[in-house]
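Numbers restart at 1 for each chain; the letters A, B, ... are given by sequence-line order, proteins then strands.
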2 protein chains.
Amino acid sequence: MATPRTDPLTAEVVELIGTVVARYHTEYEQAAAKHSLTGAQARVLGLLTLEPMPMRRVAQQLKCEPSNITGIVDRLEAHGLVERRPDPNDRRVKLAAPTEEGAETARKLRESLDFAREPLAELSEEERTVLRDLLRRMLGERTS
Amino acid sequence: MATPRTDPLTAEVVELIGTVVARYHTEYEQAAAKHSLTGAQARVLGLLTLEPMPMRRVAQQLKCEPSNITGIVDRLEAHGLVERRPDPNDRRVKLAAPTEEGAETARKLRESLDFAREPLAELSEEERTVLRDLLRRMLGERTS
DNA sequence: TATTGTTATACTCTATAACTATA
DNA sequence: TATAGTTATAGAGTATAACAATA
């Protein structure tokens, strides 16, 4: 209640961002579906492709309960895209890691996510730079 | 495959948009949860606040199957936020409309969605105008 | 004792298909 | 016959709580 009424300009920007969010999600889900994956599965696979990690950490990155990761990794494992490896330093831990096929699928997934190019192609390089800087400022320093 | 490799600048903008999308979703779900609603329920309620409409049309707007809307409206109705009204012109149709309490909840929900202000407050009015124009261009003419 | 991953449970969202009542 | 909404069903994601193995 400390904030003033939202002005029309801000409201429009928020609405535009909402549209971006909706389109981003649609495209992400479609790209995942092309590889018979759900959005959550594709996100986990993409995450593991950056670096194999304990199940616990996957849950932290996805901001969900650890118990959920069990099922998602189960299904990725059933597809042959991910495997569980023992952690030599702590036998309680299981490291989730993409298989070779999983890494390949993740790569194709990133490519088929043409949200990357199609809408941004409308903008010149200079405009994209401006957009980048504005988004950076908007998102702040939070490394999180 | 007609598109060239994604350049680093575009890649960064895409990643920034991904961050915006993630934060938008988190805040949206949290705002909905404050009112004991799920994201889907909050979206439907927000939609109906703009204009009461047949169940069928709700499904079209949310891009999901009509059968799903039955349950979502059931739960909103159980919360006393939405009601089903007969359509005088076609007795097959049920118009979903917010109750007074539903409209009030939707209003609070919009306010508590401080994604609207907090991050954008970092930008000056001129910068927000630039951002608006870039997003408009990026999203194209589609009025939808 | 505390932590990791899992299981069990319950709820929601989602798509598909079959059903009903209207049109 | 076609359409609007519903029901039934199944799969997936989510949170909570309890559990086994390990630290």
Run the salt-bridge test on B:K63 and A:E29 with the 4.0 Å N-O cut-off and return the result as yes or no.
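A:E29 and B:K63: not salt-bridged.
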Nearest to the [X] side chain among [options], which nucleotide is it?
X     : options               : answer
A:E65 : D:dA15, C:dC13, D:dA2 : D:dA15
B:Q41 : C:dT3, C:dT22, C:dC13 : C:dC13
A:K94 : C:dG5, D:dT14, C:dC13 : C:dG5
B:N68 : C:dT16, C:dT14, D:dT6 : C:dT14

Do the ring centers of A:H79 and A:H35 come within less than 6.0 Å of each other?
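Judged by ring-centre distance (under 6.0 Å), A:H79 and A:H35 do not meet the cut-off.
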Is the phosphate of [N] approached by [X] (side-chain N or O, under 4.0 Å from OP1 or OP2)?
X     : N      : result
B:K63 : C:dT14 : no
B:R84 : D:dT6  : yes
B:R56 : D:dT3  : no

Who are the side-chain contact (heavy atoms from CB on, under 4.5 Å) partners of A:T19, not counting sequence neighbours?
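side-chain contact (heavy atoms from CB on, under 4.5 Å) list for A:T19, sorted by chain: B:L139.
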Return whichever of A:I72 or A:R91 has its heavy-atom-nearest nucleotide of DNA chain D closer to the 5' end.
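Looking at DNA chain D, the more 5' nearest nucleotide goes with A:I72.
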What about B:S67: does its side chain form a donor-acceptor pair under 3.5 Å with the base of C:dT16?
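When only heavy-atom distances are counted, B:S67 does reach the base of C:dT16 through a donor-acceptor pair under 3.5 Å.
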Run the side-chain donor-acceptor check on residues 64-71 of chain A: report pairs under 3.5 Å with partners two or more places apart or on a different chain.
{"residue": "A:N68", "atom": "ND2", "partner": "A:E65", "partner atom": "O", "Å": "3.4"}

